[in-house]
Engineer: 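The structure that follows is given in the form of structure tokens.
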Amino acid sequence: MSRWSAPVSLLAVGIWAWLAGTATTWLIAGLGLAIAVNLVALAGRGRRWRHPWPDLAARLRRQAEDPLAELEAQPADEGVDTAEVELLQAVYSLQQACRARVSALVVQKARLEEILQALGDGVLVTDPGGQVVFGNAALTRMSGVHPPLEGRLPVEVARHREVDQAIEQCHQTQQSAVLEIVRRGPPEAFFEVHVAPIRPGGEALGTVTVFHDTTRVRQLERVRRDFVANVSHELRTPLTAIRGYAETLAEGALNDPVAGPRFVQVIVNHAERLQRLLDDILDLSRLEADGFDVQLAACRLGDLLEAAMATVTPAAAQKGLQLTVESDGEQRVTCDARLIGQALTNLLDNAVKYTPAGGRVTLRTHRQTAADTSGQRVVVEVSDTGIGIPSADLHRVFERFYRVDKGRSRAMGGTGLGLAIVRHIVEAHGQRVWATSSLGEGSVFSFTLAAA
Ligand code: ADP
């Protein structure tokens, strides 16, 4: 029976009584109509009361599907009981709170993911089933595996048996582990790997593995070790010679009018070489020391070039080399004059050393407008018509103790540190140094300076 049948029947009774026309029936008619009107009102209200529930259920279903969807308008309270309004508004507040909480969680998750993506260390996260559920950008770079990494197995990403075993072990024992691994090259790379369980509140949720690249540190260690080995070797050679010749002199050669002075000269030469080597090592260590500062000042380019030229003029003259300067000497540059003078002298010294008799050494400068915002620069070039450098060696000549021909360098009194010092000095000025060369035809060493 519908909720309308009672009022409709009463209305019918009222109309019949009205038509019957007696006082009693009029009374019955009045009562019937009054009850009918009230029931109609009740039935109508019942309609309004029932109406929001299917709508609300749909709203809640929509929110369950998408907790961040915009909420529909707050339920209107027009013609609705206070209790109903309160209930609907409580549900609406719950929806709002739920939406705010979910959006806060979404922001927090996005922030965490940004942080993990920005890390320089590789991060790999596995779920309790041992599958990768997250890998950051650094890990993608380090592993060389194409994204997405999610859904793969750790061994496919880390591609290292020991790491795979450590993750597996961590899943089983819930214990952390640290290991060092080497990825065979090229290029060879070293990593320190930390594996740890994820278990907030004691519940095992998987593992997190962090890959810290230690290649640079290892390389520096290797450079230091090589440096010590090189220095020892370089010191030992002249020391052994000095000792050998001194002993020979002591054993009687001192009285030999021919061998005596010759051996003494050899000892002097080796002592000078030792002195140069120690000076270069000290210069290098000063340049590399923390807090080393260049003393910048504006100076006349011509003064720098003339002072450097003067140091090599006797050696060039002895070899019959032609020394030329092509420069606007009045140009002013900003630099540490003492250091740039040393760099220029080293380059000119090499040009004279490695250019056979009759050759030419030219010191040239020209202005250059930098493409960036660093302003005007002056390029200083030291060119020679000497033996040249094979292209395979060219990029290494600025390394400490690197020589194309060890025997020739030593015979010329070289230490193997001259160009390393030049590079340090130029880079300490925030400038650039480079070399070009043609084997058998000559070399050009260039560096930039800031125009004052
Ligand atoms: P060295 O004391 O041996 O000259 P440097 O560091 O000054 O050491 O130079 C490194 C190497 O670069 C040299 O041993 C030499 O082989 C090469 N080199 C440097 N300058 C020249 C040049 N002007 N012409 C040819 N080779 C050069």
Engineer: To the closest 0.5 Å, what do you measure between OG (Ser383) and CG (Leu347)?
Structural biologist: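 One gets 11.5 Å once the value is rounded to the nearest 0.5 Å.
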
Engineer: Decide yes or no on side chain to side chain donor-acceptor pair (under 3.5 Å) for Glu192 and His194, but give the supporting numbers first.
Structural biologist: CA-CA 7 Å; Glu192 192 176 282; His194 292 248; 3.1 Å; yes

Engineer: Contact between Leu348 and Thr311 at the side-chain level, heavy atoms closer than 4.5 Å - yes or no?
Structural biologist: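 Leu348 does not reach Thr311 side chain to side chain.
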
Engineer: Quick check: does any side chain N or O of His424 sit under 3.5 Å from a backbone N or O of Ala420, one acting as donor and the other as acceptor?
Structural biologist: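 Yes.
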
Engineer: Are any of the side-chain heavy atoms of Leu205 and Pro200 separated by less than 4.5 Å?
Structural biologist: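 Leu205 reaches Pro200 side chain to side chain.
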
Engineer: Apply side-chain contact (heavy atoms from CB on, under 4.5 Å) to residues Arg367 and Gln376 and explain how you reach the verdict.
Structural biologist: CA-CA 7 Å; Arg367 281 179 78 103; Gln376 289 275 322; 2.8 Å; yes

Engineer: Within a radius of less than 6.0 Å around NZ of Lys319, do more than 12 heavy atoms belonging to other residues, nucleotides or ligands occur?
Structural biologist: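 Correct, the count exceeds 12.
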
Engineer: Flag the pair Leu139 / Phe211 as yes when at least one side-chain heavy-atom distance between them is below 4.5 Å, and no otherwise.
Structural biologist: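 Sidechains of Phe211 and Leu139: in contact.
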
Engineer: Provide the closest heavy-atom pair for Ala351 versus Val361 in the form atom of the first, atom of the second, distance.
Structural biologist: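 Nearest pair, atom of Ala351 first, then Val361: CB-CG1, 3.8 Å.
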
Engineer: For residues Asp256 and Pro261, report the shortest heavy-atom separation together with the two atoms involved.
Structural biologist: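 Between these two residues, the closest heavy atoms are O-CD, 3.6 Å.
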
Engineer: Can you tell which of Arg218, Gln219, Arg224 makes a side-chain contact (heavy atoms from CB on, under 4.5 Å) with Glu221?
Structural biologist: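 When Arg218, Gln219, Arg224 are each tested with Glu221, the side-chain contact (heavy atoms from CB on, under 4.5 Å) holds only for Arg218.
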
Engineer: Around atom CD of Gln318, are there more than 12 heavy atoms of other residues, nucleotides or ligands at under 6.0 Å?
Structural biologist: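 No - once you tally the heavy atoms of other residues, nucleotides and ligands closer than 6.0 Å, there are 12 at most.
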
Engineer: Rounded to the nearest 0.5 Å, what's the gap from CD1 on Ile198 to NE2 on His171? Could you check?
Structural biologist: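 Result: 8.5 Å between the selected atoms.
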
Engineer: For the residue pair Gln265 / Asn269, report whether a side-chain donor-acceptor contact shorter than 3.5 Å exists.
Structural biologist: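 On atom types as modelled, these side chains qualify, holding a pair under 3.5 Å.
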
Engineer: Write down the atom of Met142, the atom of Gly122, and the distance for their closest heavy-atom approach.
Structural biologist: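 Heavy atoms only, the tightest pair is CE-N, 3.5 Å.
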
Engineer: Report the relative orientation of the aromatic rings in Phe227 and Phe401; use parallel for angles under 30°, tilted for 30 to 60°, perpendicular for over 60°.
Structural biologist: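 Tilted, since the angle between the ring planes falls between 30° and 60°.
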
Engineer: Please check: side-chain N/O of Gln368 versus main-chain N/O of Arg377, any donor-acceptor pairing under 3.5 Å?
Structural biologist: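 Checked: no pair found.
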
Engineer: With side-chain contact (heavy atoms from CB on, under 4.5 Å) as the test, pick out the partner of Pro238 among Arg243, Gln275, His270.
Structural biologist: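 In the set Arg243, Gln275, His270, the residue that makes a side-chain contact (heavy atoms from CB on, under 4.5 Å) with Pro238 is His270.
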
Engineer: Are side-chain heavy atoms of Tyr402 and Asp393 found at a separation under 4.5 Å?
Structural biologist: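 Tyr402 vs Asp393: side chains touch.
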
Engineer: Quick one: are Arg152 and Val145 in side-chain contact, heavy atoms under 4.5 Å?
Structural biologist: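 The answer is yes, as the side chains (C-beta and beyond) meet within the 4.5 Å cut-off.
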
Engineer: I need the single residue from Arg403, Arg400, Arg276 that forms a salt bridge (Lys or Arg N to Asp or Glu O under 4.0 Å) with Glu234. Which is it?
Structural biologist: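 Per the salt bridge (Lys or Arg N to Asp or Glu O under 4.0 Å) rule, the option paired with Glu234 is Arg403, out of Arg403, Arg400, Arg276.
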
Engineer: Under 3.5 Å, side chain of Thr345 to main-chain N/O of Gly341, donor-acceptor pair present?
Structural biologist: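 Pair found, side chain donor or acceptor close to backbone of Gly341.
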
Engineer: Report yes if some heavy atom in the side chain of Leu363 is under 4.5 Å from a heavy atom in the side chain of Leu344; otherwise report no.
Structural biologist: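 SC-SC contact between Leu363 and Leu344 confirmed.
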
Engineer: As a quick check of understanding, evaluate side-chain contact (heavy atoms from CB on, under 4.5 Å) for Val325 and Glu306, giving each step before the final call.
Structural biologist: CA-CA 9 Å; Val325 179; Glu306 280 153 28; over 6 Å; no

Engineer: Can you tell me if Phe398 has over 12 outside heavy atoms packed within less than 6.0 Å of its CZ?
Structural biologist: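 Correct, the count exceeds 12.
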
Engineer: Any idea which heavy atoms bring Ser446 and Glu381 closest together, and the distance?
Structural biologist: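 The answer is OG-CG, 3.4 Å.
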
Engineer: So, for Thr365 and Ser327, which heavy atoms are closest and what is the spacing to 0.1 Å?
Structural biologist: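 Shortest heavy-atom separation between Thr365 and Ser327 comes out as OG1-OG, 2.8 Å.
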
Engineer: With Leu124 as reference, evaluate Leu149, Val210, Val193, Ile167 under the side-chain contact (heavy atoms from CB on, under 4.5 Å) test and give the passing residue.
Structural biologist: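 Running side-chain contact (heavy atoms from CB on, under 4.5 Å) over Leu149, Val210, Val193, Ile167 with Leu124 returns exactly one hit, Ile167.
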
Engineer: So, taking the atom named CZ in Arg423 and the one named CD in Glu399, what distance separates them when rounded to the nearest 0.5 Å?
Structural biologist: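 Here the interatomic distance stands at 8.0 Å.
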
Engineer: Could you walk me through whether Ile340 and Phe447 pass the side-chain contact (heavy atoms from CB on, under 4.5 Å) check?
Structural biologist: CA-CA 10 Å; Ile340 292 298; Phe447 66 92; 4.3 Å; yes

Engineer: Does the pair Arg300/Glu330 count as a salt bridge with the N-to-O cut at 4.0 Å?
Structural biologist: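 Yes, charged N to carboxylate O under 4.0 Å.
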
Engineer: Is there a donor-acceptor pair under 3.5 Å between the side chain of Asp127 and the backbone N or O of Val133?
Structural biologist: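 Looks like no, no N/O pair under 3.5 Å.
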
Engineer: Yes or no on side-chain contact (heavy atoms from CB on, under 4.5 Å) for Leu301 and Asp328, after CA distance, side-chain angles and deciding distance?
Structural biologist: CA-CA 8 Å; Leu301 190 56; Asp328 166 18; over 6 Å; no

Engineer: Return yes when atom CZ of Arg360 has more than 12 non-hydrogen atoms of other residues, nucleotides or ligands closer than 6.0 Å, and no otherwise.
Structural biologist: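 No.
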
Engineer: Supply the atom-to-atom distance Thr126 OG1 to Glu168 CD, rounded to the nearest 0.5 angstrom.
Structural biologist: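 Taking OG1 in Thr126 and CD in Glu168, the distance rounds to 10.0 Å.
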
Engineer: If you measure from OG on Ser443 to CG on Asn350, what distance do you get to the nearest 0.5 Å?
Structural biologist: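 The CG atom of Asn350 is 9.5 Å from OG of Ser443, to the nearest 0.5 Å.
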
Engineer: Using atom types as modelled and distance alone, determine if a side-chain donor or acceptor of Asp336 lies under 3.5 Å from a backbone N or O of Gln295.
Structural biologist: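 Checking the backbone N and O of Gln295 against the side chain of Asp336, a donor-acceptor pair under 3.5 Å is found.
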
Engineer: Would you mind reporting whether Glu427 and Gln431 have side-chain heavy atoms less than 4.5 Å apart?
Structural biologist: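 Counting from C-beta outward, Gln431 and Glu427 never come under 4.5 Å.
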
Engineer: Does any N or O in the side chain of Ser103 come within less than 3.5 Å of the main-chain N or O of Ala100, such that one atom is a donor and the other an acceptor?
Structural biologist: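 Pair found, side chain donor or acceptor close to backbone of Ala100.
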
Engineer: May I ask you to decide if Asp121's main-chain N or O and Asn136's side chain share a donor-acceptor pair within less than 3.5 Å?
Structural biologist: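 Checking the backbone N and O of Asp121 against the side chain of Asn136, a donor-acceptor pair under 3.5 Å is found.
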
Engineer: Is there a donor-acceptor pair under 3.5 Å between the side chain of Thr448 and the backbone N or O of Arg432?
Structural biologist: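 It does hold such a pair.
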
Engineer: Mind listing the closest non-hydrogen atom pair of Val404 and Pro390 along with its distance?
Structural biologist: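 For Val404 versus Pro390, the nearest heavy atoms are CG1-CD, 3.7 Å.
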
Engineer: I want to check something: taking the side chain as every heavy atom from C-beta on, are Phe445 and Ser437 in contact at a cut-off of under 4.5 Å?
Structural biologist: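 No, every pair of side-chain atoms sits at 4.5 Å or beyond.
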
Engineer: So, taking the atom named CG in Leu417 and the one named CG in Asp280, what distance separates them when rounded to the nearest 0.5 Å?
Structural biologist: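 Between Leu417 CG and Asp280 CG, I get 5.0 Å after rounding to 0.5 Å.
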
